[in-house]
Amino acid sequence: MVCERALQLFGLACVASVLQAGYENNNHVVIAPQDPVIEIGTNFTATCVIIDTAEVTADDLYWKLSQTVIPKELYTKINSSALNVTVLITNEKPEWLFCHSKKSSHYISMNNGRFIHGIWLKKSYRPESPKNLSCEALQEGKLISTTISCKWEAVGRHTEDAPRTYTAFLKMYIKDETLNVSTPKNSVQVNVGLYPNYFPLEFWVQSHTLLGTLESEHLIKEANCFVKTNPPLDVRAISEAGFPTSLLVNWTNPIDESYVKLKYKIRFCPIGSQIWSYVPPEDTINPTKPFRLQVLQPYTVYVIQVAAKPVGTKDEPDCGYWSNWSSNKTARTPEDRPSSPPDLWKTVDSNSHDVQLLCKDPEFANGNITAFNMRMKYSKNGNLEQERISVNADRGSNQKMASLLKKISLEGKEFVNVCVSAVNSAGKSPETCLAIKRNPNDREPTVKEINIWPRNGQLFVEWKHNSTCVFEYVIEWVGNGEMDWQRENKTTRQTAIKGALERFVCYKVSVYPIYRKDKGIGKPASKEAFLEQGAPLNGPSVKSESEYDHVILTWDETPQHLRRGFITNYTIFYENEEVIKSVTVPANTTSYKLESLMGNTHYDVWIQASTIAGSTNGSRHSFVTQKYAPRMVVGIVVGVSFGFLFLVLLAFLFCIYKKDVIKENLWPQIPNPSESTIGNWSPDYPLKAETPKENCVSGVYVLDEGMCEVKHGFEEDKTSLSLKKDKYLSEEHSSGIGGSSCMSSPRQSVSDSDEGADMADTTASTVQYSSVVASSGYKGQTPIEQPQHSIFSRSESTQPLLDSEENPDMLVQEGGRAFHSPFTRSAENQETADPGSFKQMEVDQQDFCPIDEDTEWTPSDSQSANVEPGSVSSYRPQLGGYRPQ
Amino acid sequence: MNGHVKKMHFQQFLETAAKLLYFLLLLAVDSKRSVAASRNHQCGKDLQMTLSLTKLVRKETAALTKEYIASQGEGFQQGFCKASVSGIPDPNISGLEPSERIASIYTQLQAFLSHLKHVQEQQGNLQPLKSPLLVDLSNVMERSKMLALRVKAFYSRLFPNLPLPEPAGGPTTLPPPQTIFQQKVYGCVVLTTYKKFLMNISICRERTTLKSKVCGTRRPKKCDDLL
């Protein structure tokens, strides 16, 4: 500890003495060291020394790093004239470190600049040794290039302000010369002149930073071990007749072997395949040319490539770089006889037992199949039919397709045994057989639990089958109108379909067991599957039969080719102006009854077909629900009918129960004139006896009028109410007497236009009343003496009817003063009232004179008593209202 | 501690010393064997590199000779290259011992380099500036220098205490001024003779002799194994 302190003081003394010399006339504070380069991430210690002044002491000093005052905790006071600071350098940017004096005095103020000193802190990282050095000399023409490209892996960090640089060295032993190139990058190109084949080259790199230099390991190799030649030239592949499994490969060296001795590597693959086969390296280190490729497939086009690399030595077995592969060279191996049997299969028309025999070329056809030799036998002891079926040898890429061999019929036959061999120019293949039975074997257990799923663009099939007699399985798939198959061995229970399947197509996949015995075909298991499902191309079109509150929707099942997947469900959407609703129905549904609809409402409906991959809407269909439901119409009709019946019934009951009232109203009782006491009214009135003859003469004419009068008389009776109360009644009281009553003369009727007028005025001014009264017409008659003659007098008086006329009942009740009308409805009167009586009445009428204007009608006492005094004056004489008669 | 115990300790000491001595002897023998093997291996490697380079120079010289004849004009025939020209080094390697033969190779290489340089100068006047012949001639000269350096290095490594002798007749004597045709014939004869010299280095007998006698390895089964 003491020793360290002593050393520090000694160093400080040295620094101070040096600084004193340099800054004698300048600064009173000086920082040491003066021009430091600091490793980033380390602590840096600087000392501020006070020189040649007693104005300040170490206590008056402080440090600033750039613009930041360094905390006092980082200071170390050496003595009264020296102050240390230690800071951790983390920032990569170079910056200033200042030593200031905080004391103020006149001298310091005058010489402020001499009490500040700063140093520029350069920062850097330590250099690190470059790694993974490598050099490469490319072939250029017939020689190796004069330029060697070398590169290395940069290790460590550097800053923008203190970048790292490299110096690459290449020592050429031939000249005992070392070339060097400086670069900031991690690669360099060195020109070596004529390439020094068979001489060693040594390469190394120095990495420089402000903090020093570090050298990499040296890469020493024979110069040819830096060479990368061009690929071999003019690669040739030759097929030799009689050697169907080999090809001769030859090539030209890219560079003369006197420059670089090369080894080669050869790779090949059947055309179209991406999997290369490599010739073992030991076979091509010193290859004899031409090199024979062996164990190839006959009649197969191979692609061949060759690459070269300098041969190494025992010391340096890995020497140089592999050239790029040569361009593709293709050649076909010669034909050989087919080494595997053809692939025989069948399709059966289920309706007509017709069988189509199909055959694919053998897997190892080893040439162009030109024909198939077929043998058929329909029974165990039957004749053997042989046939040679030629096929087009130039089928090219269609050789994988099945050829239709023959159509045969199993009608009337139990089975057929077919054996087929394929023939090419080199010979014929082994035979394959198939036993096709009309009815598949039921004794063997069937294939079950077939399961199909897509994965990685393939369809995988899995099945279960417990049979020990199986020879193999045939996986058959039918879709898009095409059929294909593949064979699997007896132990397989899961496989991928190897055919080119299309997306969105439904395939029916069947697994057929082929039994050992006679190669018989067992019962298959089938299932449909998609390689990839999509949303249906079209949604179903919907039809509707709408009712009042429901509609029956029907649609056709989406056609198979438009489904593009398994329909999971249909969703029925229907909307009116207010809301959209939906109903989901199963996929097997093709009709649905939508209920709870509103009547007389327009609906749009469409159906969405869904698969697991998406949904597609069908076309929209509109319908309007009916205004009334059928039962509503029935209800209305029934209700109306019942209502009508009820009314009729009511009317009928009314008629029954109010029979008397109706009778009274329709057929009023007419007072019997015979019971009238009119003869007692006025002795002044001349009694004029009419001769029957006169009566008869005038009776013809009067009869009509009399009939009218009768009619009116009925009406009067029906409405024998007070005129004061009812205009209608006043009209009823208007009489047709005088030949006009039946003519409905306006002068004889109450005008309907006077509804709003005062009743009294109306009657006084416009209405003429005629009443049948037993008045002056009967004056002087004696009812007793002439009971058979009806006395009918007519009055032109405007006087209102008497009470006795209005209420004939009252008249009857009045006893002796009452008179009997010849028109009474009593049977007696009706029977006794002969036509002569009517004639008499007409005669009376003819003689009936209008009452003069000034005629004073004097009623009887009783009558006068019923007449209100005021009513007399209210009726004016109506002279003008009647025609002169 | 009695005498018996002392005797036991002494016997143990002797056994240990004997083992140590045996181990040191084994180490020395093995070291000598491995040093020799290493030296032979390096020698064989150097010889192989030298012979490969010789083959390369020979190949380039052969190609250069053809190109030279083709570049001398239509009337220039290959037969002119067989003419006898004085002062051209002997293509045969002299000496009996390997050191002598290697030294002979080196000195003759130096002599041929002087003649090649003279031919280069002459052809520089006869051929266009950027003639491929001049480029190839320059390459052969450069490569021949490399070969000379390699032979010298090989000799120095094999015979570090035997300095390479200077040419017997002193510096190489170049031909006097010649006509253009004489220059052409001279150049062709130099190249042809140089090719023969290189052939003589590369012949199987020379190579096998060097390999067996100099580097102490077994004779290779085939001459190509050397290259």
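Applying the 6.0 Å contact sphere to CD of A:Glu217 captures no more than 12 heavy atoms from other residues, nucleotides or ligands. A 6.0 Å sphere centred on CD1 of A:Ile238 holds more than 12 heavy atoms belonging to other residues, nucleotides or ligands. Summarising the local packing, NZ of A:Lys289 is surrounded by more than 12 heavy atoms from other residues, nucleotides or ligands at distances under 6.0 Å. Counted within 6.0 Å of CD on B:Gln78, heavy atoms from surrounding residues, nucleotides or ligands total 12 or fewer; the atom is thus considered open.
One finds the CD atom of B:Glu60 at 7.0 Å from the OG atom of A:Ser258 (value rounded to the nearest 0.5 Å). One distance of note links NZ of B:Lys59 with CD of A:Glu257; it measures 8.5 Å at 0.5 Å rounding. To the nearest 0.5 angstrom, A:Thr313 atom OG1 is 5.5 Å from B:Lys45 atom NZ.
Closest non-hydrogen pair, B:Leu56 versus A:Asn197, comes out as CD2-CB, 4.0 Å.
Contacts from residues 134-163 of chain B to chain A, taken as heavy-atom pairs separated by less than 4.5 Å, involve B:Asn139, B:Glu142, B:Arg143, B:Met146, B:Leu149, B:Arg150 in sequence order.
In this structure, no portion of A:Asn224 lies under 4.5 Å from any heavy atom of chain B.
Side chains of B:Thr50 and A:Tyr198 form no contact here, defined as non-hydrogen atoms less than 4.5 Å apart.
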